[in-house]
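Note sheet for the following structure.
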There are 2 protein chains.
Amino acid sequence: MPLSREKIAAAAIRLADADGLDGLSIRKIAKELGVGPMRLYDYVLNKAELLDLMVDAVYARIAEVDKQPEWRATVLAIAHATRRAALDHEWFSDLLGARPHLGPHALAVGEATAAALSRSPAVRGIDDLQRALGALNGFLIGAVRREVTERRTARSTGTDEAAWQASLGPYLTRMLNTGRYPTIARLVIDGAHLDAEETFSHNLTTVLDGITGA
Amino acid sequence: MPLSREKIAAAAIRLADADGLDGLSIRKIAKELGVGPMRLYDYVLNKAELLDLMVDAVYARIAEVDKQPEWRATVLAIAHATRRAALDHEWFSDLLGARPHLGPHALAVGEATAAALSRSPAVRGIDDLQRALGALNGFLIGAVRREVTERRTARSTGTDEAAWQASLGPYLTRMLNTGRYPTIARLVIDGAHLDAEETFSHNLTTVLDGITGA
DNA sequence: CCCTTTGCCGTACACTGTATTGGTGGATAC
DNA sequence: GTATCCACCAATACAGTGTACGGCAAAGGG
């Protein structure tokens, strides 16, 4: 069975899911596919283009969300699907917003969000739409990125407990004990462990309220 | 004159400003400082820690903003300073949100924003504060990231005009001519070239309006 | 039968971060 | 004065990266 861009992207996604973007190399993908490393360059211009293919493959899954009748429900569905995809493929959050989303599926979800937003009564002209899209996408990119890094550090402080207790933990408590960061300290100490999905939902509606309310 | 973490970070920042993060290597930093590459490891654990140092050095500049009497003005000042810093050091946006901000100056900035937000009447308990901080930081990270990538692609389509006219341009017009992305097409064609700073300001107040519940 | 051309394949290059080894100067002990 | 040790620094070495490029075999044309 011959190679193809799709098959290469799929193999790359499998590896990136397992080892992260840093663990992803042309040679490993080729080995996974049982071919020589340079074969990949018959289908892909360079590694950057391969990353774009991976991103668009994920966007394809995001684009599968059902279209909702109400514009707000549509935006919520797309945003939640994007978050879900980023949690399933953490490397996705590293690439999200790092290059323009120009793949066909990325354009499709962009179209769906833009169309939904333009149905909001608060979005009047095309300038409003451009700004609203910027605000929403900005929040989406940043929020997802934050959540993924948080999850990563939580995992690594659990795994690499030695390093945490040896350096980072004491450093942090020392810092907070200086009294120079009282609010942060309060957040760390008293802050309940809020449910991540609930927080995301809450903040998303906050941003949407800002868009429609102003 | 002896080496120091600060001096190493400063040299690394100079190089990253010029060549981007991809062009940054231990060997180049060492050459810039006139020492052997392995000397740097007497001051820095590994490259990741060096990147953290660079990030915190930028946060030091951000933390210099004058404290405003009104909480909203404080948040605006910090956000604009962060954006300004990311435009001055584009690599900063690549690192922003990619790892927890735990350096002393990053903590200072976090403290200032958290303190300001907690003075908003709409932020009642510590849970509200945690969420508001998440919404604001999420937007900030994503918006800055978006703007920097936009600027980069604009620059590279200007520089590498051959590649644009050969592949990406035609690809995009072909895509938009399929009629599958009418809203996006309208945005690309009719969309005025909005001032980036104005857009950022507008969206920032939009998010803040959402937080305060206006 | 020979020549050309076309596609396939692996080698090779320049570069990365960093562990490790070897050497060298200066201070201290006898 | 000599020997020993130690701190410091330089260079080398290794395992890996993305990808340019040269060689080779098969196919087609005269």
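Lettering of chains follows the sequences in order, A, B, ..., and the numbering in each one begins at 1.
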Taking Val65(B) as the fixed residue, which of Thr82(B), Ile78(B), Val109(B) is the one that meets the side-chain contact (heavy atoms from CB on, under 4.5 Å) rule?
Ile78(B)
Reading DNA chain C 5' to 3', which nucleotide is the first, and which the last, to come under 4.0 Å of any heavy atom in chain A?
dC9(C) to dA12(C)
Taking 4.0 angstrom as the limit, do Asp94(A) and Arg152(A) come out as a salt bridge?
yes
CG (Asn177(B)) with more than 12 external heavy atoms under 6.0 Å:
yes
Within a 6.0 Å radius of atom CZ on Arg61(A), are there more than 12 heavy atoms belonging to other residues, nucleotides or ligands?
no
Determine, step by step, whether Arg27(B) and Glu32(B) satisfy the salt bridge (Lys or Arg N to Asp or Glu O under 4.0 Å) criterion, reporting the C-alpha distance in whole Å, the side-chain angles of both residues, the deciding distance to 0.1 Å, and the verdict.
CA-CA 9 Å; Arg27(B) 285 170 169 81; Glu32(B) 172 97 358; over 6 Å; no
Counting only heavy atoms not in Glu150(A), do more than 12 fall under 6.0 Å of its CD?
no
Among Arg83(B), Arg84(B), Arg151(B), exactly one meets salt bridge (charged side-chain N to carboxylate O under 4.0 Å, His left out) together with Glu90(B). Which residue is that?
Arg151(B)
Sub-4.0 Å heavy-atom contacts from residues 18-43 of chain A onto DNA chain C, ordered by number
Arg27(A), Met38(A), Arg39(A)
